[in-house]
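Here is the structure we will look at, set down as structure tokens.
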Amino acid sequence: MAVKAFTHNTIYSPSLIRDKTPQQKHNLGHFSPSKNTAKRLVVSSSIMSPPIPSSPLAPPSFSSSSQVAPPSRTPAATLPLSRVWREIQGSNNWENLIDPLSPILQQEITRYGNLLSASYKGFDLNPNSKRYLNCKYGKKNLLKESGIHDPDGYQVTKYIYATPDINLNPIKNEPERARWIGYVAVSSDDSVKRLGRRDIVVTFRGTVTNPEWLANLMSSLTPARLDPHNPRPEVKVESGFLSLYTSGERESKFGLESCREQLLSEISRLMNQHKGEEMSITLAGHSMGSSLAHLLAYDIAELGMNQQRGEKAVPVTVFSFAGPRVGNLEFKKRCEELGVKVLRITNVNDPITKLPGFLFNENFRSLGGVYELPWSCSCYTHVGVELTLDFFDVQNISCVHDLETYINLVNRPRCSNSAVNKDNFGGEFLNRTSEMMSGMGRRRALQLRNAATNAAYLLCSVSNQMLYYSIF
């Protein structure tokens, strides 16, 4: 994926909030308390051009106009990673690490984002290639060929494939092929010293092919039932994501196992191989891949795979980039009971993070915060702590969901003076459009026309997918 560079058209919003229990917002400079449960991190567009670094980062600088000094850093924000890795992995729900953003957490989000980007850079979409729908590189060379800093820090141990349970050609009735969706890697012996533990990483790319888009549109809730000994029918997840996670090539004699079976087998093998060591399980996903990361994290914890007799439980953490909602309120509660930690990096202008459940979600379950509404059990609910960015480029609307844009902006946060306490998707676009039409000349008008064209293409693409799904 190409890095999307921003111009002066970026829209800012400054509120920085955190999701915790009880829900609470902490002040950052001039910000005032709010009941919002996300942290909004405002970024300057002037530093979008440099490439994404993977090396240790400098602390974010703050606007000189802010009248209040940033809060003092906690030990977890100043000590080396090897001593505070549990806090960075969310043991305390990232308490005091997001407000302001800890340089170590900033560095780790960037590092996992870079590892995740290899799942895009290695995916072969050339239909004339022998490796079509597979990875272009071998496991030993993937990280190096993808331009990952310190490619020897992790060893890729297994490639993961997923099979959409959707037939795009009902006339021929041919089963869908499995396609490469990510990989499993484990930190090297040298990296263990710096990280403070043996880190097992699983990455999942987002939606690329048409069957994956159709799987995303299957937005009905269905019981997960991942633990055969305790199905928990009240725990429900989006059916399309669950299908992608659990479907395999059963019809083929040499067909692959399901994505789930591949993952659980490899993670179990690695945990047995490194038994007795300090370990962590880190799952990183973008868009649809974030949903698979959620399901795998819940699956591991529900089956007790991270529980080792006589030892501490192995932390299971999800770094979610631009992820949609995955399940209902019971799914969220169960993840919290099992100790699954999720840090969701989202953009307030990204529509994917508001789906599924655009209307029926965690904000529409009760009346006045007191009376549960009848459909509350069928409402989608986000899981975990949210770090919310706010960026938008009128000339390139697709940037609001781009992974490398996310990583760039997390890597270079800035504060703003204005205070906006609610999502501005759509409204700010209209405001920006109005500015461009009021005396800024032909150049701005041309930019607006290009933006409208891009938006039309985006809407047509989604509409066509939905129409196709409704027909077949």
Side-chain angles (χ1 to χ4, degrees), residues 89 108 111-124 131 133-146 148 150-163 178-192 195 197-206 226 241 244-248 256-275 277-286 288-303 305-306 308 314-321 340-342 403:
Q89 294 292 109
E108 289 299 279
R111 187 169 67 84
Y112 286 120
N114 279 319
L115 289 171
L116 171 57
S117 69
S119 298
Y120 282 104
K121 295 173 181 176
F123 191 44
D124 193 342
R131 294 179 177 269
L133 297 182
N134 292 288
C135 184
K136 293 183 283 188
Y137 313 115
K139 291 193 286 289
K140 291 184 179 180
N141 298 322
L142 172 63
L143 300 183
K144 181 178 180 181
E145 293 290 342
S146 300
I148 302 301
D150 188 20
D152 297 326
Y154 283 83
Q155 281 88 47
V156 177
T157 64
K158 189 175 183 65
Y159 281 166
I160 303 301
Y161 298 81
T163 308
R179 63 278 326 280
W180 184 66
I181 201 166
Y183 63 89
V184 181
V186 63
S187 56
S188 63
D189 292 341
D190 290 338
S191 291
V192 168
L195 299 176
R197 84 283 188 189
R198 184 77 63 178
D199 190 28
I200 299 173
V201 170
V202 184
T203 70
F204 300 95
R205 63 166 175 80
L226 295 179
F241 300 146
L244 196 62
Y245 181 62
T246 58
S247 297
L256 284 170
E257 297 176 314
S258 69
C259 174
R260 180 196 186 205
E261 291 168 324
Q262 297 169 56
L263 287 163
L264 296 183
S265 173
E266 181 64 8
I267 291 172
S268 177
R269 185 188 72 81
L270 290 173
M271 292 188 68
N272 287 329
Q273 179 180 333
H274 299 287
K275 190 174 182 179
E277 299 182 32
E278 286 265 40
M279 279 190 286
S280 63
I281 299 174
T282 308
L283 317 176
H286 173 248
M288 173 196 70
S290 168
S291 305
L292 296 178
H294 276 73
L295 290 174
L296 176 59
Y298 165 69
D299 203 1
I300 291 171
E302 189 69 89
L303 296 177
M305 288 180 58
N306 63 323
Q308 296 182 321
V314 175
V316 179
T317 305
V318 176
F319 286 90
S320 163
F321 295 84
V340 172
K341 303 299 181 180
V342 179
L403 173 61

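FYI, side chains are in, hydrogens and waters are out, and symmetry mates aren't considered; it's all heavy atoms of this structure. Heads up: numbering here begins at 1 and tracks the sequence.
One distance of note links CZ of Phe319 with CG of Leu115; it measures 11.0 Å at 0.5 Å rounding. Between the OG1 atom of Thr317 and the CD1 atom of Ile281 there is a distance of 9.5 Å, given to the nearest 0.5 Å. Separation of atoms OG (Ser290) and CZ (Phe204) is listed at 10.0 Å; rounding is to 0.5 Å. Here the straight-line distance linking atom CD1 of Ile267 with atom CD1 of Ile200 works out to 7.0 Å at 0.5 Å rounding. Between the OH atom in Tyr245 and the CG atom in Leu263 there is a gap of 6.0 Å [rounded to 0.5 Å]. Note that the SG atom of Cys135 and the CG atom of Leu142 stand 4.5 Å from one another [nearest 0.5 Å].
Contact check for Arg197 versus Gln89: side-chain heavy atoms found under the 4.5 Å cut-off. Contact of the Met288 side chain with the Leu244 side chain is registered, since non-hydrogen atoms from C-beta on lie closer than 4.5 Å. Here the side chains of Met305 and Ser268 are in contact, with some heavy-atom distance below 4.5 Å. When side chains are defined from C-beta on, Tyr161 counts as touching Gln262, because their heavy atoms get closer than 4.5 Å. Here the side chains of Glu145 and Lys136 are not in contact, with every heavy-atom distance at 4.5 Å or above. Between Thr157 and Arg269 the shortest side-chain heavy-atom distance falls below 4.5 Å. Leu116 places a side-chain heavy atom less than 4.5 Å from the side chain of Leu403. Residues Asp150 and Leu143 form no side-chain contact, since every pair of their non-hydrogen atoms from C-beta on lies 4.5 Å or further apart.
Closest non-hydrogen pair, Glu277 versus Arg198, comes out as OE1-NE, 3.0 Å. The heavy-atom pair separating Ser146 from Ala118 by the smallest distance is OG-CB, 3.6 Å. Minimum heavy-atom separation, Leu226 to Arg260: O-NH2, 2.7 Å. Taking each heavy atom of Ala301 and Val340 in turn, the nearest pair found is CB-CG2, 3.7 Å. Contact between Gln155 and Ser188 at its shortest, heavy atoms only, is NE2-CB, 3.3 Å. When all heavy atoms are compared, the tightest approach of Ser119 to Thr203 is OG-OG1, 2.7 Å.
With 3.5 Å as the limit, one finds no donor-acceptor pair spanning the side chains of Asn134 and Tyr159.
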> Going through the checks in order, is the side chain to side chain contact (heavy atoms under 4.5 Å, CB included) test met by Arg111 and Leu195?
Replying inline: CA-CA 12 Å; Arg111 187 169 67 84; Leu195 299 176; 3.5 Å; yes
> When you look at Trp180 and Asp124, which way does the side chain to side chain contact (heavy atoms under 4.5 Å, CB included) test go after all the steps?
Replying inline: CA-CA 9 Å; Trp180 184 66; Asp124 193 342; over 6 Å; no
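Test Arg179, Lys121, His286 against Arg205 for side chain to side chain contact (heavy atoms under 4.5 Å, CB included) and you get one pass: Arg179.
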